[in-house]
Engineer: 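Before I ask anything, here is the structure I am working with.
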Amino acid sequence: MSKLNAIFARGLNGEFSLSDGSLPWKNVPELSEDAKNDMAHFKSMTMGGIVIMGFNTYRTFKKPLPGRINAVIDRNCEPTSCSTITDGQFIFFSSLESAIDYFSDEKFSRQEMFLIGGAKLFEYALSKNLVDGKIYETVFNARFPDAATFVEPLSEEWEIIGREKNGEHSEILMHENNRYSSVQIFYK
Ligand SMILES: NC(=O)c1ccc[n+]([C@@H]2O[C@H](COP(=O)([O-])OP(=O)(O)OC[C@H]3O[C@@H](n4cnc5c(N)ncnc54)[C@H](OP(=O)(O)O)[C@@H]3O)[C@@H](O)[C@H]2O)c1
């Protein structure tokens, strides 16, 4: 069964998006290289897999991300209309749990599953312990006073198991929850 991973980017204060829905670092000239690298990282991680997003994030997309199954969580979606996948279209689910359940089928077992936002859906997924894979967090080493949406810092159980430079002003942290960690450490 595929695990649910999460991938997102934030500023130093947890800045997540601006009021118009855009990413805070998008139009900052000195961060343009880092923003470009982050998009490339997002693309390479999610390509060929399943991306799951909240309704507000969906509304910022002009079309589905190519090469990936695009799932949208919409409380108002009719559960009966949520069961067929057509290439190049969004597929809607009335809850995150029903999406995870749907993609747990053997036929999706070779595809990685990623929660890609937004802040509300992340908060919900983490509070319900639904993220049982890894979290890929890009941290921009800058503050964004115009941000409208923020994410809380990850709890301590999300240990950093890897980090790499994303550019001059950002790095990518890879986290795993010690509850789900494959490495067991025993103390006498
Ligand atoms: N920095 C990043 O890496 C990143 C990544 C992705 C998106 N974003 C940005 O984040 C912003 C959107 O984030 P957001 O927090 O406003 O919205 P969101 O999480 O994308 O979507 C929230 C919507 O989904 C519904 N929803 C949330 N949890 C649900 C659940 N458990 N079951 C069913 N429906 C649920 C909510 O419905 P109700 O209203 O009924 O509760 C709400 O309408 C966008 O501006 C986007 O650009 C940033």
Side-chain angles (χ1 to χ4, degrees), residues 4-28 31-32 34-47 49-65 68-83 90-103 113-154 158 166-167 169-175:
L4 181 64
N5 304 289
I7 186 165
F8 70 97
R10 65 163 175 92
L12 280 178
N13 284 336
E15 297 93 330
F16 198 72
S17 62
L18 303 180
S19 54
D20 66 359
S22 62
L23 299 173
W25 37 91
K26 196 176 157 203
N27 293 318
V28 182
L31 297 178
S32 64
D34 294 60
K36 205 171 86 190
N37 292 346
D38 186 49
M39 292 309 290
H41 158 70
F42 175 85
K43 187 175 174 184
S44 78
M45 291 301 302
T46 58
M47 188 52 76
I50 300 157
V51 293
I52 304 179
M53 68 198 85
F55 195 73
N56 293 350
T57 297
Y58 154 74
R59 288 198 305 184
T60 67
F61 282 32
K62 290 193 180 74
K63 54 184 172 53
L65 296 172
R68 286 147 276 195
I69 293 175
N70 288 245
V72 180
I73 310 304
D74 172 14
R75 274 187 231 276
N76 302 315
C77 152
E78 285 294 325
T80 48
S81 68
C82 306
S83 55
F90 291 101
I91 171 171
F92 293 84
F93 293 90
S94 58
S95 70
L96 180 56
E97 288 84 346
S98 62
I100 294 171
D101 194 43
Y102 183 85
F103 293 117
M113 189 159 51
F114 286 91
L115 188 58
I116 63 163
K120 277 189 190 159
L121 201 58
F122 278 139
E123 192 181 274
Y124 175 81
L126 290 170
S127 73
K128 298 281 181 192
N129 295 325
L130 295 172
V131 180
D132 57 354
K134 294 185 175 54
I135 297 182
Y136 301 87
E137 177 187 33
T138 303
V139 182
F140 282 83
N141 190 20
R143 295 176 208 279
F144 303 90
D146 296 337
T149 312
F150 295 80
V151 279
E152 292 287 322
L154 292 171
W158 285 99
N166 177 60
H169 310 283
S170 57
E171 67 173 336
I172 298 166
L173 305 180
M174 193 200 299
H175 303 263

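Side-chain atoms are counted along with the backbone in the values below, which use heavy atoms only and exclude waters and symmetry mates. Both counts, for ligands and for their atoms, begin at 1 and track the order of listing.
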Engineer: Show me which atoms of ligand 1 lie under 4.0 Å from any heavy atom of Trp25.
Structural biologist: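 What qualifies from ligand 1 is 1 (N).
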Engineer: Does a salt bridge link Arg10 with Glu137, judged by any charged N lying under 4.0 Å from a carboxylate O?
Structural biologist: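 Answer for the salt bridge query: yes.
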Engineer: Between Ala119 and ligand 1, which part of the residue brings a heavy atom under 4.0 Å of the ligand: side chain, backbone, both or neither?
Structural biologist: both
Engineer: Which residue and non-hydrogen atom of the protein lie closest to atom 3 (O) of ligand 1, and at what distance in Å?
Structural biologist: Ala9 N, 2.8 Å
Engineer: Report yes or no: does Glu15 contribute a side-chain atom to a donor-acceptor pair with the main-chain N or O of Ala147 at less than 3.5 Å?
Structural biologist: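 Such a contact is absent between Glu15 side chain and Ala147 backbone.
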Engineer: Evaluate the criterion side chain to side chain donor-acceptor pair (under 3.5 Å) for residue pair Asp38 and Thr138; output intermediate values, then yes/no.
Structural biologist: CA-CA 7 Å; Asp38 186 49; Thr138 303; 2.7 Å; yes
Engineer: For Leu121 and ligand 1, does the shortest N/O to N/O distance drop below 3.5 Å?
Structural biologist: yes
Engineer: Checking a contact table here: which protein heavy atom is nearest atom 23 (C) of ligand 1, and how many Å away?
Structural biologist: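 Ranking protein heavy atoms by distance from atom 23 (C) of ligand 1, first comes Phe55 N, 3.6 Å.
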Engineer: For ligand 1, is there an N or O atom under 3.5 Å from any N or O atom of Ile7?
Structural biologist: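 In fact, backbone or side chain, Ile7 has no N or O that close.
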Engineer: Which atoms of ligand 1 are found less than 4.0 Å from any heavy atom of Gly117?
Structural biologist: 6 (C), 20 (O)
Engineer: Looking only at protein heavy atoms, which one is nearest to atom 11 (C) of ligand 1, and how far off is it?
Structural biologist: Ser17 OG, 3.7 Å
Engineer: Just to check, does Arg75 reach to within less than 4.0 Å of ligand 1 when the distance is taken from its heavy atoms?
Structural biologist: yes
Engineer: Ring-plane angle category for Tyr136 and Phe114, please: parallel below 30°, perpendicular beyond 60°, tilted otherwise.
Structural biologist: tilted
Engineer: Take atom CE of Met47 as the centre, draw a 6.0 Å sphere, and report whether it contains more than 12 heavy atoms from other residues, nucleotides or ligands.
Structural biologist: yes
Engineer: Just jot down the ligand 1 atoms closer than 4.0 angstrom to any heavy atom of Gly21, in number order.
Structural biologist: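 The atoms of ligand 1 under 4.0 Å from a heavy atom of Gly21 are 44 (C), 45 (O), 46 (C), 47 (O).
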Engineer: Find all atoms of ligand 1 within a distance of less than 4.0 Å from any non-hydrogen atom belonging to Lys120, and give their numbers and elements.
Structural biologist: 15 (O), 19 (O), 22 (C)
Engineer: Taking non-hydrogen atoms only, is Tyr124 closer than 4.0 angstrom to ligand 1 via side chain, backbone, both or neither?
Structural biologist: side chain
Engineer: If you have a sec, work out which protein heavy atom is nearest atom 18 (P) of ligand 1 and how many Å separate them, to one decimal?
Structural biologist: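 Answer, as residue, atom name and distance: Gly118 N, 3.5 Å.
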Engineer: To the nearest 0.5 Å, what is the distance between CG (Asn5) and NZ (Lys134)?
Structural biologist: 7.0 Å
Engineer: What's the shortest distance from atom 10 (O) of ligand 1 to any protein heavy atom, and which residue and atom give it?
Structural biologist: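 Answer for atom 10 (O) of ligand 1: Phe16 CE2, 3.4 Å.
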Engineer: For Leu18 versus Asp146, what's the shortest heavy-atom pair and its separation?
Structural biologist: CD2-O, 3.5 Å
Engineer: Purely on distance, is any nitrogen or oxygen of Thr57 under 3.5 Å from one on ligand 1?
Structural biologist: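 Yes.
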Engineer: I need the atoms of ligand 1 closer than 4.0 Å to a non-hydrogen atom of Phe8, numbered in the order shown.
Structural biologist: 3 (O)
Engineer: Measure the spacing between CD1 of Ile91 and CG of Asp74 and express it to the nearest 0.5 Å.
Structural biologist: 12.5 Å
Engineer: Tell me whether Ile116 has any N or O atom under 3.5 angstrom from an N or O of ligand 1.
Structural biologist: no
Engineer: At a non-hydrogen distance cut-off of under 4.0 Å, which region of Ser94 contacts ligand 1 (side chain, backbone, both, or neither)?
Structural biologist: backbone
Engineer: Angle class for the Phe92/Tyr58 ring planes (parallel below 30°, perpendicular above 60°, tilted otherwise)?
Structural biologist: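 Geometry flag for Tyr58 against Phe92: perpendicular rings.
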Engineer: So, does Asn37 use its side chain to make a donor-acceptor pair with the main chain of Asn166 at under 3.5 Å?
Structural biologist: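 Yes.
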Engineer: Identify the heavy atoms of Ser170 and Asp34 that sit nearest to each other, and give their distance.
Structural biologist: OG-OD2, 2.7 Å
Engineer: Mind listing the closest non-hydrogen atom pair of Ile52 and Ala99 along with its distance?
Structural biologist: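 Taking every non-hydrogen atom into account, CD1-CB, 4.4 Å.
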Engineer: Where is the nearest protein heavy atom to atom 25 (C) of ligand 1: which residue, which atom, and how far?
Structural biologist: Ile73 O, 4.2 Å
Engineer: Between ligand 1 and Leu96, is the shortest N or O to N or O distance under 3.5 Å?
Structural biologist: no
Engineer: Measure Leu23 to ligand 1 on non-hydrogen atoms and call it side chain, backbone, both or neither using the 4.0 Å cut-off.
Structural biologist: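 Leu23 to ligand 1: side-chain contact only, backbone stays beyond 4.0 Å.
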Engineer: What is the distance from atom CG of Leu115 to atom CG of Leu126, rounded to the nearest 0.5 Å?
Structural biologist: 8.0 Å
